[in-house]
Engineer: 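Before I ask anything, here is the structure I am working with.
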Protein chains: 2
Amino acid sequence: MAKRTQGKPAGLSRQRIAAAAVDLVDRQGLESFGVRRLASELGVDPMSIYNHIKGKAALLDAVSEAVLTEVSATAAQWPDGWMDIARTMARGYRDMAIRHPRIFPLLATRAQTSVVAFEALERLTAAMRRAGIADQTIADAPLVLFGFLNGYLLATVSADPGGTDEPATGATQPAIDPALYPALAALAPLQAGFGGEAEFERMLETVLAGIAEGAAGAQAARSGRRPATAAGPTSDHSGG
Amino acid sequence: MAKRTQGKPAGLSRQRIAAAAVDLVDRQGLESFGVRRLASELGVDPMSIYNHIKGKAALLDAVSEAVLTEVSATAAQWPDGWMDIARTMARGYRDMAIRHPRIFPLLATRAQTSVVAFEALERLTAAMRRAGIADQTIADAPLVLFGFLNGYLLATVSADPGGTDEPATGATQPAIDPALYPALAALAPLQAGFGGEAEFERMLETVLAGIAEGAAGAQAARSGRRPATAAGPTSDHSGG
DNA sequence: AGGTATTACCTACGGTGTAGAATATAGGCC
DNA sequence: GGCCTATATTCTACACCGTAGGTAATACCT
């Protein structure tokens, strides 16, 4: 027998568990994260979590969903134009990545199947249809936009060395040897504003412009460039 | 006391271990990969691996390095122009991602500090300097290019559900409900050629064009659109 | 009140990464 | 040859992990 407190409610719920998990990963990183640590954080038996979330994979999904929900929530209201919607999403997504650098790899790595994720995609694609964009372009758009966002933000925001307990430093360069890599070394100081907001906005606009160009994306290059350098998209193009 | 075979050489080496690890992850996925499985694959005690590679993290680095080396190796020779260099790199990178879909998340997620990685960056940036590109643009270029490549290829090539033993299927969509997401459902059939080569080439050109635009990247947007919106990002940019 | 479903807990099993110590071989030196 | 040392390999052990299966206590419905 001994004293048991088994049936006593611990106030667990999917939401509360997810919130605690988000907090824990933020503080200690993905590496060391696990069911048992989380349970101990919640003052609860590890197996109790399984009553609300099926397993570790589902737990990670719940974490992803939680931070994605933040993104939707922080956007007070959504604009009408698809480009402005995309900008709002992208900025909110980046803000989230900055808030949760150690969680972000989850979003970039695992396929997102939560309702919030689908809602966001629906919102974007619906707006593009309203604008009369070609269907094929619309179908590609989320891939281009979030593909870029994921890759770019992974590189700039979450260069997580591992499980130690630090406030998540931003990518630390390991000092480039100028003898081996002269060009890289010369450019190193310019990467000070690595991942800065201005840079992000610039690249975001580039990507959006690329999407806007649609199937003829490569033409975006020609427009602003002198006609000498860049040529047609597929056939002959010479760099410099 | 009992037969021991301790000192007998097992022919281990960093290279051989890395090659076996690549093969193992290709077959069984990252999820189930580990020192012990790899050791058993090599017919060797788990701890023997530690004589050549410090730990699991270093093991994953070795795997990354091995597949990155493939990329460098498959490129018979490098062109002169930076754009063509970038194209060659991007295509080789994609080919590698397709060959090793279950390894690729490693490259996108972990910071690459191997020699091959630095050499590639050096090659690209050096060529851009030769072409007289603005330094700030050059400093951003690898981030833009590989940021995009990582994100895009993660989404298209490696939607790995987990540790089961399959030949790595390409992203399976879970059937979208047209009642909830009409626009998405309507576009779903168009994502048939998801991640196809033509699409990749198209987006690659878009990204390269964006880089070519340099600091004035946002202007690429204006070209096809109204000139009202975009403002100067940091200071003035030479593009004009 | 009684019955049932849910929630929480306990135990246990097979797996993991890896520190530390023991041991057999390879290679250099005499 | 004989010896010595460095190195590669293995063995043992520990703390930890995810989670299957079983048990008890509470909440809820009737």
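Chain naming here is simple, since letters A, B, ... match the order of the sequence lines and numbering starts at 1 in each. Not measured: the values here are computed from a predicted model.
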Engineer: For D:dT9, take OP1 and OP2 only and decide whether either is under 4.0 Å from a side-chain N or O of B:His52.
Structural biologist: yes
Engineer: Just to verify, what does A:Tyr93 make a ring pair (Phe, Tyr, Trp, His ring centres under 6.0 Å) with, not counting sequence neighbours?
Structural biologist: A:Phe104, A:Phe146
Engineer: Please tell me which of the listed nucleotides, D:dG18, C:dT18, D:dT9, lies nearest to the side chain of A:Lys56?
Structural biologist: D:dG18
Engineer: Whole angstroms only, please: what is the CG-P distance between B:Leu12 and D:dT10?
Structural biologist: 7 Å
Engineer: As a test of reading the structure: which of D:dG18, C:dT18, D:dT9 is closest to the side chain of A:Tyr50, going by heavy atoms?
Structural biologist: D:dG18
Engineer: What is the separation between atom CG on A:Asn51 and atom P on D:dT19, rounded to the nearest whole Å?
Structural biologist: 14 Å
Engineer: For the side chain of B:Met47, counting heavy atoms from C-beta on, which of D:dT10, C:dA8, D:dT9 is nearest?
Structural biologist: D:dT10
Engineer: Would you please confirm or rule out a distance under 4.0 Å between OP1 or OP2 of D:dC16 and any side-chain N or O of A:Arg37?
Structural biologist: no
Engineer: Are A:Val157 and A:Tyr152 packed together at the side-chain level, in the sense that at least one heavy-atom pair is separated by less than 4.5 angstrom?
Structural biologist: no
Engineer: Of the nucleotides C:dG17, D:dC17, C:dA19, which one has an atom closest to the side chain of A:Arg36?
Structural biologist: D:dC17
Engineer: Supply the atom-to-atom distance B:Glu70 CD to B:Ile103 CD1, rounded to the nearest 0.5 angstrom.
Structural biologist: 7.5 Å
Engineer: When the distance from CG of B:Asp45 to C1' of C:dA22 is rounded to whole Å, what number comes out?
Structural biologist: 13 Å
Engineer: Is any side-chain nitrogen or oxygen of A:Ser48 closer than 4.0 Å to OP1 or OP2 of C:dC9?
Structural biologist: yes
Engineer: B:Glu201 and B:Arg91: salt bridge (Lys or Arg N to Asp or Glu O under 4.0 Å), yes or no, with the steps?
Structural biologist: CA-CA 9 Å; B:Glu201 288 291 331; B:Arg91 288 168 188 151; 2.8 Å; yes
Engineer: Rounded off to whole Å, could you give me the CD1-to-P distance for the A:Ile17 and C:dA8 pair?
Structural biologist: 8 Å
Engineer: From C-beta outward on B:Val35, which listed nucleotide comes closest to its side chain: C:dA8, C:dT18, D:dA8?
Structural biologist: C:dT18
